[in-house]
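Worksheet for the structure shown next.
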Amino acid sequence: MAMQKKMVEDITSMEVDFAKWYTDVVKKAELIDYSSVKGCTIIQPYGCAIWENFHDILDKRLKETDHENVLLPLLIPENLLQKEKDHVNGFAPEVAWVTQGGDEKLTERLCVRPTSEVLFCEHYKKVINSYRDLPKLYNQWGSVVRWEKTTRPFLRTTEFWWQEGHTMHETEKEAIDETINMLDIYADICENQLAIPVLKGKKTDKEKFAGAVATYSIEAMMHDGKSLQSGTTHYFGDGFAKAFDITFQGRDNKPQFPCQTSWGMSTRIIGAIIMTHGDNDGLVLPPAVAPIQVIVIPIAQHKDGVIDKATEIKKRISAFCRAKIDVRDYSAGWKFAEYEMKGVPLRLEIGPKDIENNQCVIVRRDNREKYIVSLDNLETEIPKLLEELRKNLYEKALQNRESKTYSAKNFDELCNIAQEKNGFVKAMWCGDLECEMKIRDKAGLSSRCMPFAQEEVSDVCVCCGKPADKMVVWGKAY
RNA sequence: CGAGAUGUGGCUCAGUUUGGUAGAGCGCUGCGUUCGGGACGCAGAGGCCGCAAGUUCGAAUCUUGUCAUCUCGACCA
């Protein structure tokens, strides 16, 4: 009997070690490679293609809502960064500095942008003069650098790619609406395209962005019950505008400060996709961002006409989906495993018997269900299956979240849940930082957000017992 | 940043205790046989042993430093 040889492509199963499973998937699916600088990763073609698909989806939504893309510098002079106190204090520990140009020491050091608020402010000061210049709805696609102590592929890297929207508005209401509308767009893309259910809510003061009046986020639950902040929007009021002396002449002919927002989603979302949908065979990609939606695999491809027929089918379905054909000289089984690892939503097998019967076999990645489909029906069946797969991914993710969501009325309950389970805990909070800190230190949970969809778990704070009317979702986070 | 672990062909690792001139499996290349769930045979190619300094006649192996990766913790818009 032949010895079963060790498969180098083996992926650690999630139940054994979720963290290792994650890095195995990231590496084996060839999403990223490490560079020689700590926390800096190379996003490989397959990972990059996922990001590009995400980029296209979001960019389209931004343009539909009148946002314009710009490109700002990578470097920020120190004095500029210093202008807004809270902001600089928040970011100081994690900025990288350029101190030398060629052989010459710089008279003023330059920071590599950790985010671009101050750059946008400097520019907005110049281009905003009248209420007629507002709103300004700018967005930038680019990368930023944050010198993190602990890094993990996609989830927290030293350099990461993202979009950062920075907008200026005439009124407070308009700016607040912008932060909420953007959060809605983020949530909509997550849920309807990426099949990731999210909680929309407001961050506590402790968790909010340095310099913001309010921060909102969408929180997604990963397969292991941990939370991943997957998109954020900030309302700044006129704090930055004052610090940077940005004024415009109002409708009343008087100088006024505009109100500002910023918001971003990053390559971290790829981590969310992996940890929401992936399984022990590797990635499972939602069709909207899958670089390959249908992989065509010719069976017994050495036989006459098989490759021709498969190529013809690939060309035909390319009209309505991202399709690829693999005619490499690997066994069919090898290819099956390969594309399952890469999370390709649908596999289309076509062999001599199929050709004879004018049919093919389509297999779904999410549940391995096999369908025998007439070649006459590909145009209707493939989109239908892709959509069913998306729905199923969403349902499974939602079910996972719901099965790992608990509620606690008092501190003991909260601690017990935190001790025994991984997941979200709904509990009331009085609003005091002290209670939030105690919950972090004693229960090991941080506040994820105060969901817009509030529920009254009880009427007193889970920590101090004083009257409370805010429900907070607590959890462990990436 | 604290504690621990690791770094040897593309990948997974052995070799380090006791210093003596580098190994295996997989992958890769070529040819042939296979081909509906990770096929097989034969023949090949491929390694400044993370980097730097030191000890030594001699270092993958010992010493020091440094960089990176992983795990846990602290930190983390």
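Letters A, B, ... mirror the listed sequences (proteins, then strands); counts begin at 1. Just so it is clear, the values below take in all heavy atoms, side chains as well, and ignore hydrogens, waters and symmetry mates. Note that this is a predicted model, so its numbers are computed, not measured.
- The NZ-P distance, from A/Lys28 to B/C26, rounds to 17 Å in whole Å.
- Nucleic acid contact for A/Tyr330: sugar-phosphate only, since backbone atoms but no base atoms lie under 4.0 Å from a heavy atom of the residue.
- When the C1' atom of B/G73 is taken as reference, atom NZ of A/Lys442 falls 17 Å away, rounded to whole Å.
- A salt bridge between A/Lys136 and A/Glu68 is absent, with no side-chain N of the basic residue lying under 4.0 Å from a carboxylate O of the acidic one.
- Across all strands, A/Tyr235 comes closer than 4.0 Å to no nucleic acid atom at all (heavy-atom distances).
- The residue A/Asp17 sits apart from the nucleic acid: no heavy atom pair falls under 4.0 Å.
- Going from atom CZ of A/Arg156 over to atom P of B/U69 covers 15 Å, rounded to whole Å.
- Taking the side chain of A/Lys149 as heavy atoms from C-beta on, and the options B/G37, B/G36, B/C75, the nearest nucleotide is B/C75.
- Pair assignment for B/C48 gives none, since no Watson-Crick or G-U wobble pairing has each distance under 3.5 Å.
- When both distances must be under 3.5 Å, the Watson-Crick or G-U wobble mate of B/U69 is B/A5.
- For B/G37, its base never sits under 3.5 Å from the side chain of A/Arg368 at any donor and acceptor pair.
- A/His234 pairs by the side chain to side chain donor-acceptor pair (under 3.5 Å) definition with A/Thr215, not counting sequence neighbours.
- Contact annotation: A/Arg152 side-chain N/O to B/U71 OP1/OP2 distance is under 4.0 Å.
- Under 4.0 Å is where a charged nitrogen must lie from a carboxylate oxygen, and between A/Lys315 and A/Glu312 no such pair does.
- Using a 4.0 Å heavy-atom cutoff across all strands shown, A/Gly39 reaches sugar-phosphate atoms only and no base atom.
- Remark: the separation of the P atoms in B/G38 and B/A45 is 31 Å, to the nearest Å.
- Judged by closest nucleotide on RNA chain B, A/Asp329 is the one of A/Asp329 and A/Val363 placed further toward the 5' end.
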Checklist outcome for this item: Its contact letters, B for base, S for sugar-phosphate only and - for none at protein heavy atoms under 4.0 Å, make nucleotides 44-49 of chain B read ------

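- Here the NE2 atom belonging to A/His302 is positioned 10.5 Å from the CD1 atom belonging to A/Ile307, to the nearest 0.5 angstrom.
- Side-chain proximity of A/Lys38 to B/G37, B/A68, B/C70: nearest is B/A68.
- Within the 4.0 angstrom heavy-atom criterion, base atoms lie near A/Arg347.
- Because its NZ or CZ atom is not both nearer than 6.0 Å to the ring centre of A/Phe160 and within 45° of the ring axis, A/Arg268 does not count as a cation-pi partner of that residue.
- Residue contacts shown for A/Pro298 are absent, as no nucleic acid heavy atom lies under 4.0 Å away.
- Each of B/G38, B/G36, B/U34 was ranked by its minimum atom distance to the side chain of A/Ala337; first place goes to B/G38.
- A gap of 43 Å separates the C1' atoms of B/U69 and B/U33, to the nearest Å.
- Residue A/Glu117 is out of contact with every strand shown, counting any heavy-atom pair closer than 4.0 Å.
- Picking from B/G37, B/C70, B/G38 the nucleotide with the shortest atom distance to the side chain of A/Glu340 gives B/G37.
- In the displayed structure, A/Asp376 atom CG is contacted under 6.0 Å by more than 12 heavy atoms of other residues, nucleotides or ligands.
- When both pairing distances are held under 3.5 Å, B/A39 makes a Watson-Crick or G-U pair with B/U33.
- Nucleotides B/G50 and B/C67 are separated by 8 Å at their C1' atoms, to the nearest Å.
- One can place CZ of A/Arg448 at 11 Å from C1' of B/C76, the figure rounded to the nearest angstrom.
- For residues 76-86 of chain A, the side chain to side chain donor-acceptor pair (under 3.5 Å) pairs, not counting sequence neighbours, are A/Glu78-A/Gln82, A/Glu78-A/Arg109, A/Asn79-A/Glu108.
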Checklist entry - So A/Thr157 and A/Thr41, side chain to side chain donor-acceptor pair (under 3.5 Å) or not? Walk me through it. => result CA-CA 7 Å; A/Thr157 48; A/Thr41 55; 5.0 Å; no

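- Applying the Watson-Crick and G-U wobble criteria (two distances, each under 3.5 Å), B/G25 pairs with B/C11.
- No engagement by A/Pro114 is indicated, since no non-hydrogen atom pair under 4.0 Å with the nucleic acid exists.
- Residue contacts shown for A/Phe336 include a base, since a base heavy atom lies under 4.0 Å away.
- Under the Watson-Crick or G-U wobble criterion, with both distances below 3.5 Å, B/G54 is paired with B/C62.
- B/G10 and B/G46 have their P atoms separated by 12 Å, given to the nearest Å.
- B/U18: no Watson-Crick or G-U partner with both key distances under 3.5 Å is found in any strand.
- Residue contacts shown for A/Gln229 include a base, since a base heavy atom lies under 4.0 Å away.
- Along RNA chain B, the nucleotide nearest to A/Val361 and the one nearest to A/Gly90 differ in position, and the one closer to the 5' end is contacted by A/Val361.
- Among the nucleotides B/A74, B/U71, B/C76, the one closest to the side chain of A/Glu148 is B/C76.
- Among the heavy atoms of the strands, none lies under 4.0 Å from A/His87.
- For A/Trp263 and A/His67, the distance between ring centers is under 6.0 angstrom.
- Closest to the side chain of A/Ile299, out of B/C70, B/G36, B/G37, is B/G36.
- Straight-line distance between the C1' atoms of B/G15 and B/G2: roughly 33 Å, to the nearest whole Å.
- Applying the salt bridge (Lys or Arg N to Asp or Glu O under 4.0 Å) test to residues at least two apart or on different chains, the pairs with a partner in residues 207-233 of chain A are A/Lys203-A/Glu219, A/Asp205-A/Lys208, A/Glu219-A/Arg448.
- No contact: A/Lys203 has no heavy atom under 4.0 Å from any strand.
- Comparing the same atom, C1', in B/C1 and in B/A52 gives a spacing of 25 Å after rounding to whole Å.
- Across B/C76, B/A39, B/G36, the shortest atom-to-atom separation from the side chain of A/Ser331 is found for B/A39.
- For B/U34 and B/C40, the C1' atoms lie 7 Å apart once the distance is rounded to whole Å.
- Distance noted for atom P between B/G54 and B/A60: 15 Å (whole Å).
- Applying the salt bridge (Lys or Arg N to Asp or Glu O under 4.0 Å) test to residues at least two apart or on different chains, the pairs with a partner in residues 351-365 of chain A are A/Asp279-A/Arg365, A/Arg364-A/Asp366, A/Arg364-A/Glu388.
- Here the side chain of A/Glu349 is nearest to one of B/C35, B/G36, B/G37, namely B/G36.
- Note on residues 176-187 of chain A: pairs passing salt bridge (Lys or Arg N to Asp or Glu O under 4.0 Å), not counting sequence neighbours, are A/Lys173-A/Asp177, A/Asp184-A/Lys200.
- Residue A/Thr115 is classed as having no contact, given no heavy-atom separation below 4.0 Å to the nucleic acid.
- One donor-acceptor pair, N or O on each side, does fall under 3.5 Å between the base of B/G73 and the side chain of A/Thr150.
- Rounded to an integer number of Å, the gap from A/Phe154 CZ to B/U69 C1' is 16 Å.
- Checking the phosphate oxygens (OP1, OP2) of B/C35, no side-chain nitrogen or oxygen of A/Arg328 falls inside 4.0 Å.
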